[in-house]
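Keep in mind that what you see is a predicted model, and the values were worked out from it rather than measured.
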Amino acid sequence: MFYLYIIYSISSNKYYVGYTNNVERRLFEHNNIDNTTYTSKHRPWILKKFIVLNNDRGFAMKIEKAVKRSKSRLIIEMIILEINNLKDLAQLVRVPMHRD
C-alpha cells in the first residue's frame with residue numbers, strides 16, 4: 001500500500017510532500033539519514049498528514065507530482081485540514097482515479 005505524506009519543518013516553516021509504502025520509515029529517514037538533501041537542511045520534520053492511496057506505485061507518483069506541481073502552500077494546508085480520503089485528494093489535484 002502506498003501513502004501520500006506531508007511533513008513540516010518547524011525550524012524553516014516549510015512543507016515537504018512525498019509518497020511511500022512506509023510512512024514511519026520515511027519520516028525517520030528525513031530526520032536521520034546523513035545524505036545532503038533538501039529535507040536534511042530543514043530538520044527536524046514532523047508528520048502533519050498521510051493519506052492512504054492504493055497499491056499502484058505509478059498512481060502514487062502521479063498524486064505526489066500533482067501536489068508538488070501546484071506549488072501551493074494553500075493546497076497543502078487544505079489537504080492537511082480538510083482532505084481525508086483518496087477520492088477527495090484526487091479531485092483536488094485533478095488526477096483521475098481510473099484509466100480510460
Side-chain angles (χ1 to χ4, degrees):
M1 188 62 61
F2 288 97
Y3 306 86
L4 179 84
Y5 66 93
I6 300 171
I7 55 178
Y8 177 72
S9 167
I10 298 168
S11 62
S12 299
N13 190 29
K14 294 186 180 288
Y15 290 103
Y16 179 84
V17 175
Y19 79 93
T20 185
N21 62 354
N22 186 322
V23 177
E24 289 179 16
R25 176 185 49 81
R26 279 306 283 145
L27 180 60
F28 177 84
E29 290 171 354
H30 286 300
N31 281 317
N32 296 290
I33 299 298
D34 288 334
N35 298 343
T36 302
T37 62
Y38 173 81
T39 58
S40 70
K41 298 171 188 165
H42 301 285
R43 291 178 180 154
W45 293 94
I46 59 170
L47 181 64
K48 294 298 277 186
K49 181 82 167 211
F50 71 92
I51 297 174
V52 177
L53 299 177
N54 58 27
N55 289 319
D56 182 346
R57 182 174 185 225
F59 181 75
M61 292 170 69
K62 285 181 185 177
I63 290 281
E64 177 203 33
K65 186 175 182 179
V67 174
K68 287 182 173 182
R69 188 175 45 235
S70 77
K71 296 185 187 242
S72 172
R73 186 178 185 100
L74 182 64
I75 293 290
I76 291 171
E77 290 175 347
M78 184 182 298
I79 293 168
I80 292 168
L81 296 173
E82 299 177 20
I83 304 297
N84 293 308
N85 62 64
L86 173 57
K87 181 181 175 189
D88 292 342
L89 176 62
Q91 281 184 322
L92 178 67
V93 297
R94 299 182 179 159
V95 173
M97 291 188 52
H98 302 287
R99 292 185 179 156
D100 296 324

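Between Asp56 atom CG and Met1 atom CE the span is 11.0 Å, to the nearest 0.5 Å. Separating the OG atom in Ser40 from the CD1 atom in Ile33 is a distance of 10.5 Å, to the nearest 0.5 Å. Interatomic distance, NE2 of His30 versus OG of Ser9, reported as 12.0 Å (0.5 Å rounding). Annotation: the span from Ile7 atom CD1 to Leu27 atom CG amounts to 6.5 Å, rounded to 0.5 Å. Here the CD-OH distance, from Glu24 to Tyr3, works out to 10.0 Å after rounding to the nearest 0.5 Å. Atoms OH and CG, on Tyr5 and Asn22 in that order, are 10.5 Å from each other to the nearest 0.5 Å.
In this structure, Ile76 and Val67 approach most closely via the heavy-atom pair CG1-CG1, 4.2 Å. In plain terms, the two heavy atoms of Tyr19 and Glu64 that are nearest each other are CD2-OE1, 3.2 Å. Ile80 approaches Lys49 most closely through the heavy-atom pair O-NZ, 3.2 Å. Phe2 and Ala60 get closest at one heavy-atom pair: CB-CB, 3.8 Å. Trp45 approaches Tyr15 most closely through the heavy-atom pair CZ3-C, 4.1 Å.
Side-chain contact between Arg26 and Asn21 is absent, with no heavy-atom pair separated by less than 4.5 Å. Counting only heavy atoms from C-beta outward, the side chains of Phe50 and Thr20 never approach each other to under 4.5 Å.
Cluster annotation: Tyr16 is connected to Val23 through the hydrophobic network of ILVMFWY side chains, with a link wherever side-chain heavy atoms come within less than 4.5 Å. With hydrophobic clusters built from ILVMFWY side chains whose heavy atoms lie under 4.5 angstrom apart, Leu47 does not share a cluster with Ile63. Met78 and Tyr8 fall within the same hydrophobic cluster, where Ile, Leu, Val, Met, Phe, Trp and Tyr residues are linked whenever their side-chain heavy atoms come under 4.5 Å apart, directly or through other members. Under a hydrophobic-cluster definition in which Ile, Leu, Val, Met, Phe, Trp and Tyr are linked whenever side-chain heavy atoms come within less than 4.5 Å, directly or via other members, Leu86 and Leu92 are assigned to the same cluster. Hydrophobic cluster membership is shared by Ile46 and Leu4, with clusters built from Ile, Leu, Val, Met, Phe, Trp and Tyr side chains linked at under 4.5 angstrom.
Few gaps surround CZ on Arg25; more than 12 heavy atoms of other groups in view lie less than 6.0 Å from it.
A distance-only check finds a donor-acceptor pair linking the side chain of Ser11 to the backbone of Arg43 [under 3.5 Å]. Side-chain atoms of Asn85 come within 3.5 Å of backbone atoms of Lys87 as a donor-acceptor pair (strictly under, hydrogens ignored).
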Check the pair Lys41 / Thr36 against side-chain contact (heavy atoms from CB on, under 4.5 Å), numbers first and verdict last. CA-CA 7 Å; Lys41 298 171 188 165; Thr36 302; 3.9 Å; yes
Before giving the answer on side-chain contact (heavy atoms from CB on, under 4.5 Å), spell out for Asn13 and Arg73 the whole-Å C-alpha distance, their side-chain angles and the decisive distance to 0.1 Å. CA-CA 11 Å; Asn13 190 29; Arg73 186 178 185 100; 2.7 Å; yes
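Remark: His42 pairs with Tyr38 by the ring-ring contact (aromatic ring centres under 6.0 Å, His included) rule, at least two apart or across chains.
No option in Ile83, Ile79, Val93, Ile51 other than Ile83 meets the side chain to side chain contact (heavy atoms under 4.5 Å, CB included) test with Asp88.
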